[in-house]
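So that the names make sense, note that chain A is the first sequence line, chain B the second, and so on, each numbered from 1.
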Amino acid sequence: MAFLEIDNLHYRYDETTALDNLSLSVDRGSICALVGPDGAGKTTLIRLLCRLIAPQTGTVSIDGEDLFDVATPLTDRLGYMPQSFSLYTDLSVEENLRFYAGVFGLTGSAYIEKRDYLYTFSRLGPFAKRRAGALSGGMKQKLALSCALLHDPELLILDEPTTGVDPVSRRQFWAILDDLRRAGVTIFVSTPYMDEASRADRITCLFSGQRLATGTADEVAATFIGSILRIDGVADADRLARLDALAGVTAQRFGAGVHLYLPSDMSADEVMPRVVELGIPRSAITERTPSVEDRFIQLMSGAGESEADNV
Amino acid sequence: MKRIRWLALKEFYHIIRDVRSLMIVIAMPILMTAMYGYAISLDIDNITLAVIDHDRTSESRSLVERFYASGRFVSPLHDVDLADPTATLRRGDAVGILVIRPGFSEAVAQTDDFTLGLTLDGSDASVANAAQAYVSTIVAEFTQDRLLPPGAEMPGIRISQTMLYNPDLKSAHFFVPGLVAVILLMISALLTSITIAREKESGTMEQLLTTPVRPHEIMIGKLLPYIVIAFLDGLLVVLFALVVFGVPFAGSVGLLIGFGIIYVAASLAIGMLVSSIAKTQQVAMMIALAATLMPSVMLSGFVFAIKNMPPALQAISHIVPAKYFVTIIRGIMLKGSSIEVLIVPALSLIAILVVLMFIATRRFQTRLA
């Protein structure tokens, strides 16, 4: 049995279904990345895992213990970092750490030792006296992570920890997650960034409360059906519409360009001249190996929602 | 228990770091005591009295001077339209007109009978009554000084009724202690009403709920530092009442401190209950104000005597903490009451504190949404 088992989880807000009979399992000591557009149900799932909300139906077990049984002492094993910065901005870095250590029962020399260890990887030591509210985005996230790690949790749950953080800090943050995984911590992290998700052991794509795919980045990418032509250059609405109008293909905006998804029975050589006819230079068109993101876009457009563009 | 200490320490940091709010918390009760203390005062001063002096002698002028020297009347109003003197009253320029007919100084010299004319604006009965009483007193004093050599018989001129009540009766002595009770209740409830709502709004509650802290630990941890703040606030307000309003302090300081701590704790508990239910700070503040201000002004015996109220209101007054503390603080400050007399209201406050904290803890949501 996996360390984290989510089985048929269903959660409904008044009118909308946020999670639709979701099942998922995460192995001990692995990183599971949760991706999906806004409104897919990522935060709902994460709050359920932190026992902040209760599901209508379904079960979650951690290390074989039922999460929603109130008798389960869960908090000692779980570290949580919410999406929005949720430490005390009027308290200093050190005071925030000391407070959370205190409520987890970590005091005296044990606390000092832990704090210094957390300072070494977060490099927040020189800012110990600074108010948390005055930290940069990246430092805030590292402080929040430090607070979530004070009690050595077995399971770390992070809700979009790197959103709004500069690329350098993001890379540092993920390096820390890699270290934690090596130390045996199971990490469940949601992210809007596909490059980050690819660093995880397994990626789960959530869309409209349903799981579209799970697997390693390569596994997911390999399930792409058909082939891809990439068209570099300005991807304005007009060009996108004209490309999309080509018979049999779908055009998706992808970074600073367009990906043209060809069905399996259509070859690139067939499509290429039709693209050139639209006035696009041949040199701007290349064949592209499907990525995990392409697969997700394909899956989501299959689900028929315009939100898929957001990924 | 250790967790409560950390929660209390954290809360204490919040309080002292937010200097602006702290200043408001300290300044507002004093400002309110000053404003309410003067506004609610039933003493009527600064009455404008118009004077028509037909006598125009040093004798009549010295009578008029006495009015303005008394402190009850503001400087004289002499430019009265003699053709239509009551116009002054209709316009509201003066509350009364005193007419001194010619022959006043002769009457004084010969100790003859003499009648002064006083016309009063009766639309504000209490002001008119006060003015009448003041005029009578001042005229009586004048008559006595001028016409009564030591050991003399009845004066020739007597133009007065005697004032039945202590002319110096100060309502501030009665009101200010009650005011302290009302203001402390309101400030205390406001203080705590936003603490939990603030953590919900800023998202810190989401983090806090994933730690091992229990609802009662959050409640008590938040209550403790605020007891200190609210108690210091109360001390300031009482000192202010003593110094500025000259309210006497007849009883035991220790007793007032002890009961004061119980009272602020019960008041803070109202805020905790509000905070555990309200989702935003604004809603919490509105509820806290509505829940404390009206009942404590109306149903505490602070202004209106509870025993004159209909039974339904009397029943409601039993759950208004201010009612008990109004009794306690008046008893201690004005009458010097001992603990035996005040033990029942004090125990009532403890009961309110315990019940409110219990409900607040039960109502506290350990889950979001």
Kindly give the heavy-atom pair with the smallest separation between [X] and [Y], and that separation in Å.
X	Y	result
Y80(A)	Q207(B)	O-NE2, 2.6 Å
Y100(A)	L208(B)	OH-N, 4.3 Å
L87(A)	T204(B)	O-CG2, 3.4 Å

Is [X] atom [atom1] crowded by more than 12 heavy atoms from other residues, nucleotides or ligands, each under 6.0 Å away?
X	atom1	answer
M357(B)	CE	yes
R362(B)	CZ	no
F12(B)	CZ	no
R181(A)	CZ	yes
I16(B)	CD1	yes

* Is any side-chain heavy atom of T211(B) less than 4.5 Å from a side-chain heavy atom of F104(A)? ->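 A side-chain contact exists here, since the closest heavy-atom pair is under 4.5 Å.
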* Evaluate the side-chain proximity of L52(A) to L209(B): yes if any heavy-atom separation is below 4.5 Å, no if none is. => yes
Quick one: which of [options] has the most heavy-atom pairs under 4.5 Å with chain A, could you say?
options	result
G221(B), S202(B), G203(B), P212(B)	P212(B)
L9(B), L7(B), D18(B)	L7(B)
R17(B), R3(B), E217(B)	R17(B)

* Asked: Between E199(B) and Y88(A), is any side-chain donor less than 3.5 angstrom from a side-chain acceptor?
  -> yes
* To do: Please answer whether the main-chain N or O of S86(A) pairs with a side-chain N or O of E206(B) as donor and acceptor at a distance below 3.5 Å.
  => no
So what's closer than 4.5 Å to chain B heavy atoms on [X]: side chain, backbone, both or neither?
X	answer
R98(A)	both
T107(A)	side chain
F85(A)	backbone
T44(A)	neither
D90(A)	both

